[in-house]
Number of protein chains: 2
Amino acid sequence: MSPQTITPEKERLVAMLKALSNPIRFQIMEMLAECQTCITNDIVLQTPLAQATISQHLKVLREAGLIQGTTSGPATCYCINDESIHWLKEQIGQWLPDCCHQGKEHQ
Amino acid sequence: MSPQTITPEKERLVAMLKALSNPIRFQIMEMLAECQTCITNDIVLQTPLAQATISQHLKVLREAGLIQGTTSGPATCYCINDESIHWLKEQIGQWLPDCCHQGKEHQ
DNA sequence: CACTTATATCGTATATTTACGATATAAAGA
DNA sequence: TCTTTATATCGTAAATATACGATATAAGTG
């Protein structure tokens, strides 16, 4: 299989990168990493954006598998999907192994 | 400094992720990793897209610092910017250190 | 049962991205 | 110099992404 063949794994990776490539969503991930679990409104209050906008961004992150939401009363508790972050790091770590002398002159 | 503060480093990282979050551009990176150096037309021939479109994608990758282009006669030779890939891997590897038990139960 | 709180979704306006044909530029060969 | 080859850029159309107000839903509270 040619290196540039599109596999479901690569599709998943590109979808994750797309979700993370928006500055607001990237920050939401960092907020969630810091607070462990927080509800939509906690995030809304930490940004200048409208609730509807944040809810939409959370949906994108959820659909990329990067976060999980569980209903708790009227609120939704969001937290990072640790497995997906681990998978992402592994994929990026292994990506383009030939091109950048990894683990040789660096680290 | 709060974890979710936007630093120039984070901006650079998000810009790289954005450039990589397009399937065509992701594939171009893999093509370049395989062939080491190739000209625009080599890439055009490996995709169903028009030359103008590929040239535009190459510009995005170049502006994100992910690839470098050097003029060689009428052609432009592109290659991956190894330093930037190394930096990207390092950043992702260090990202969200608290959230995903990295290096403990896995690897 | 109102009322508050928290959220998701709908409809929509605007901005950005993506793709392409046409065209300009630049180098090399006949 | 004319032609070919390789590329970048311009203008533009179509598709997506982004943001917001309005609204619907759902769970508690008095």
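Chain naming here is simple, since letters A, B, ... match the order of the sequence lines and numbering starts at 1 in each. Note that the structure is predicted; figures quoted are calculated from it, not measured.
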Kindly say if H57(A) contacts the phosphate of dA17(D), meaning a side-chain N or O under 4.0 Å from OP1 or OP2. no
Look up atom CE in M16(B) and atom CG in L20(A), then write down how far apart they are to the nearest 0.5 Å. 15.0 Å
Find the distance L61(B):CG to dT17(C):C1' and express it as a whole number of Å. 14 Å
Earlier contact from the 5' end, DNA chain C, for K59(A) and S72(B): K59(A)
Could you tell me the separation between the CD1 atom of I54(A) and the C1' atom of dA8(C), rounded to a whole number of Å? 14 Å
K18(B) NZ to dT18(C) P: how many Å, rounded? 8 Å
Rounded to whole Å, the CD-C1' distance (E63(A) to dA8(C)) equals 12 Å
With no angle test and no hydrogens, is the base of dA6(D) tied to the side chain of Q51(B) by a donor-acceptor pair under 3.5 Å? no
Reckon Y78(B) has a side-chain N or O less than 4.0 Å from the OP1 or OP2 of dA6(D)? no
In the structure I gave you, are the side-chain heavy atoms of E90(A) and Q94(A) within less than 4.5 Å of one another anywhere? yes
Atom NE2 in H57(B), atom CD1 in I24(B): separation rounded to 0.5 Å? 5.5 Å
Using a heavy-atom cut-off of 4.0 Å across all strands, would you classify T53(A) as base, sugar-phosphate, or nothing? base
E63(B) side, atom CD; K18(B) side, atom NZ - distance, nearest 0.5 Å: 11.5 Å
By nearest heavy atom, map R25(A) and S55(B) onto DNA chain D; which one lands nearer the 5' end? S55(B)
Distance check needed: dT9(D) C1' versus R62(B) CZ, whole Å only. 11 Å
Taking only the side-chain nitrogens and oxygens of N41(A), find out if one of them lies under 4.0 Å from OP1 or OP2 of dT5(C). no
Does N22(B) place a side-chain N or O at less than 4.0 Å from the phosphate oxygens OP1/OP2 of dT18(C)? yes
Looking across every strand, which nucleic acid part, if any, lies under 4.0 Å from A52(A) by heavy atom: base, sugar-phosphate, or nothing? base
Take the protein atom CD1 of I39(B) and the nucleotide atom P of dA27(C), then report the distance between them rounded to whole Å. 16 Å
Interatomic distance where CD1 belongs to I24(A) and P belongs to dC20(D) [whole Å]: 9 Å
Does the side chain of T40(A) get closer than 4.0 angstrom to OP1 or OP2 of dA6(C) through an N or O atom? no
Is any N or O donor-acceptor pair between the side chain of Q56(A) and the base of dC20(D) shorter than 3.5 Å? yes
Touch check for L49(B), heavy atoms < 4.0 angstrom, all strands: base, sugar-phosphate only, or nothing? sugar-phosphate
Tell me whether M31(A) shares a hydrophobic cluster with I85(A), the cluster being built from Ile, Leu, Val, Met, Phe, Trp, Tyr side chains joined at under 4.5 Å. yes
Of T71(A) and T76(B), whose nearest nucleotide on DNA chain D comes first from the 5' end? T76(B)
